[in-house]
2 protein chains.
Amino acid sequence: MAKADSAASGRRTPTVDELRAWRSFIETSDELRSVLGSRLQAESGLSAGDYAVLLALSEAEKSRLRSSELADHIGWERSRLSHHIGRMERRGLIERVECLTDNRGAEITPTAAGRDAFRGASAPHLRAIRELFVDALTPAQVVAAGEIADALRAHLDRAAQR
Amino acid sequence: MAKADSAASGRRTPTVDELRAWRSFIETSDELRSVLGSRLQAESGLSAGDYAVLLALSEAEKSRLRSSELADHIGWERSRLSHHIGRMERRGLIERVECLTDNRGAEITPTAAGRDAFRGASAPHLRAIRELFVDALTPAQVVAAGEIADALRAHLDRAAQR
DNA sequence: ACCCGGTGGTTGATGTGTCAATTAGACTCG
DNA sequence: CGAGTCTAATTGACACATCAACCACCGGGT
């Protein structure tokens with residue numbers, strides 16, 4: 001009954017091929033992140049987290065954001081951001097400024113050094129993305145990768161709601 | 001010259017669309033890993049790392065491996081494995097055994113509790129992979145995802161060699 | 001005015017990953 | 001054998017993520 005079994009819709013565990021695709025997908029994306037991260041670090045002294053923070057700030061009005069808005073922008077938990085901001089502040093990349101309209105609040109803004117580091121990191125980072133992602137794939141594959149990711153995300157959000 | 005520019009082969013930074021695909025790809029794969037990881041943790045008390053270690057051991061001859069063979073199997077650095085093994089040992093999931101043929105060496109083997117935890121974790125984990133990855137995609141997309149990952153990996157390895 | 005629930009943000013504990021340095025046994029060659 | 005070298009594995013220091021308290025302030029109701 002093996003044949004009927006593998007064709008049945010109620011099957012619960014992935015096939016060998018599906019599993020291979022899964023492993024390849026998840027392991028490679030991980031490796032890619034890590035290679036890109038260490039390149040960024042080597043070239044600019046910024047971690048991927050630092051870059052994300054500085055990118056969000058650079059896109060903000062007046063280069064400053066409330067801590068929780070920043071957290072929303074980059075999709076981090078408050079606590080994670082708070083710890084990270086602390087480390088970045090110690091390194092002189094950003095500053096915490098008290099918020100005038102809410103005494104609880106903090107506004108985050110990059111220092112001159114932070115802005116410089118981000119400007120220096122940006123172009124090489126984008127080039128690395130091109131080299132390691134875009135250039136590795138056919139144009140159709142790049143599109144497909146985006147669609148696959150979108151489908152996964154949509155499914156994930158649907159699953160999370162339930 | 002904007003048109004000629006964007007068509008030139010020497011272009012160094014990704015287009016907006018390419019960048020969107022990249023961000024979607026990398027962020028989604030990350031989120032997927034994290035959701036799957038917390039499910040595993042919730043259902044079995046094992047982290048993704050624990051699972052990888054126990055899986056490799058379960059596939060080994062006699063359920064035991066030299067520390068560095070284990071590291072190779074799962075693609076970790078020695079040091080990372082050593083730290084992780086220490087934590088797993090403290091939790092009673094595995095044991096370190098001295099190696100007879102090489103006094104420097106350690107062999108790693110799961111405890112009864114470790115084997116139980118792995119057995120209990122395995123089926124739900126595979127089901128979760130099916131639910132969150134396989135079921136989110138068309139069969140063609142699953143294949144494409146595997147091919148994209150393979151292409152990225154191949155390109156990455158080639159880049160690393162240089 | 002006062003209490004109280006909600007919110008913005010921080011903190012500490014713990015688990016995890018990386019790098020560089022270290023320890024200790026194995027191996028080789030004169 | 002003995003010095004130099006290679007290798008297996010561990011260690012310590014640090015960056016990072018997550019979780020569960022926690023503190024201080026806001027704002028609304030009475």
Side-chain angles (χ1 to χ4, degrees), chain A residues 27 30-42 44-53 64-109, chain B residues 27 30-42 44-53 64-109:
Chain A
E27 285 170 11
D30 204 25
E31 198 179 324
L32 198 46
R33 180 192 346 279
S34 121
V35 170
L36 223 42
S38 40
R39 282 211 189 182
L40 183 62
Q41 181 81 48
S44 67
L46 297 179
S47 71
D50 300 337
Y51 186 84
V53 166
R64 68 174 43 203
L65 281 174
R66 285 295 291 271
S67 176
S68 40
E69 291 174 316
L70 177 51
D72 286 349
H73 267 295
I74 57 186
W76 287 9
E77 297 184 12
R78 285 151 183 290
S79 153
R80 177 178 175 186
L81 182 63
S82 186
H83 283 296
H84 202 96
I85 289 303
R87 288 187 297 263
M88 289 181 75
E89 195 174 28
R90 253 181 277 135
R91 289 191 291 146
L93 294 171
I94 56 167
E95 275 177 340
R96 278 185 237 239
V97 188
E98 287 178 32
C99 177
L100 297 178
T101 67
D102 185 336
N103 282 321
R104 293 166 301 185
E107 290 195 317
I108 318 292
T109 189
Chain B
E27 285 170 11
D30 203 26
E31 198 179 324
L32 198 46
R33 180 191 348 277
S34 121
V35 169
L36 223 42
S38 41
R39 280 210 191 184
L40 183 62
Q41 182 80 49
S44 66
L46 297 178
S47 71
D50 301 337
Y51 186 84
V53 167
R64 70 173 41 202
L65 281 175
R66 285 293 290 273
S67 176
S68 40
E69 291 174 318
L70 178 51
D72 286 349
H73 267 295
I74 57 186
W76 286 9
E77 297 185 13
R78 281 144 184 282
S79 150
R80 176 178 176 185
L81 182 63
S82 188
H83 283 297
H84 202 94
I85 289 302
R87 290 187 295 263
M88 288 181 75
E89 196 174 28
R90 255 182 276 131
R91 290 191 290 145
L93 294 171
I94 57 167
E95 275 177 340
R96 278 185 237 240
V97 188
E98 287 178 32
C99 178
L100 298 176
T101 67
D102 186 336
N103 282 320
R104 293 167 299 183
E107 290 196 316
I108 317 291
T109 188

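If you're wondering where the values come from, they're calculated on a predicted model, not measured in any experiment. Protein chains get the first letters and strands the later ones, always in sequence-line order, with residue 1 at the start of each.
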Please check this pair: side chain of S44(A) against backbone of L40(A), looking for a donor-acceptor N/O pair closer than 3.5 Å. yes
Does R96(A) put a side-chain nitrogen or oxygen below 4.0 Å from OP1 or OP2 of dT10(C)? yes
Angle between terminal axes - the helix from dA1(C)-dT30(D) to dG30(C)-dC1(D), 5 pairs each end, rounded to 10°: 10°
Assign a letter to each nucleotide of nucleotides 14-22 of chain C from its 5' end: B, base within under 4.0 Å of a protein heavy atom; S, sugar-phosphate only; -, no contact. -SBSBBB--
Check: L65(A) and I108(A) side chains under 4.5 Å, non-hydrogen atoms: no
For residues S47(A) and M88(A), determine if any side-chain heavy atom of one lies less than 4.5 Å from a side-chain heavy atom of the other. no
Donor-acceptor pairs under 3.5 angstrom involving side-chain atoms of residues 67-77 of chain A: please list them, not counting sequence neighbours.
from, atom 1, to, atom 2, distance (Å)
E69(A), OE1, R66(A), N, 3.2

Separation between CD1 (I94(B)) and CZ (R90(B)), nearest 0.5 Å, reads 11.0 Å
Measure the distance from CD1 on I85(B) to P on dT10(D) and round it to the nearest whole Å. 8 Å
How many whole angstroms separate atom CZ of R78(A) from atom P of dT10(C)? 10 Å
Salt bridge (Lys or Arg N to Asp or Glu O under 4.0 Å) against R91(A), all qualifying residues, sequence neighbours excluded: D50(A)
Got a list of protein N/O to nucleotides 23-26 of chain D N/O distances below 3.5 Å?
from, atom 1, to, atom 2, distance (Å)
dC25(D), O2, R104(A), NH1, 3.4
dC26(D), OP1, N103(A), N, 3.3
dC26(D), OP1, N103(A), ND2, 3.3

For DNA chain C, what residues of residues 65-74 of chain B have any heavy atom nearer than 4.0 Å? none
Run the salt-bridge test on R96(A) and E107(A) with the 4.0 Å N-O cut-off and return the result as yes or no. no
Calculate the interatomic distance between L100(B) atom CG and dA26(C) atom P; express it in whole Å. 12 Å
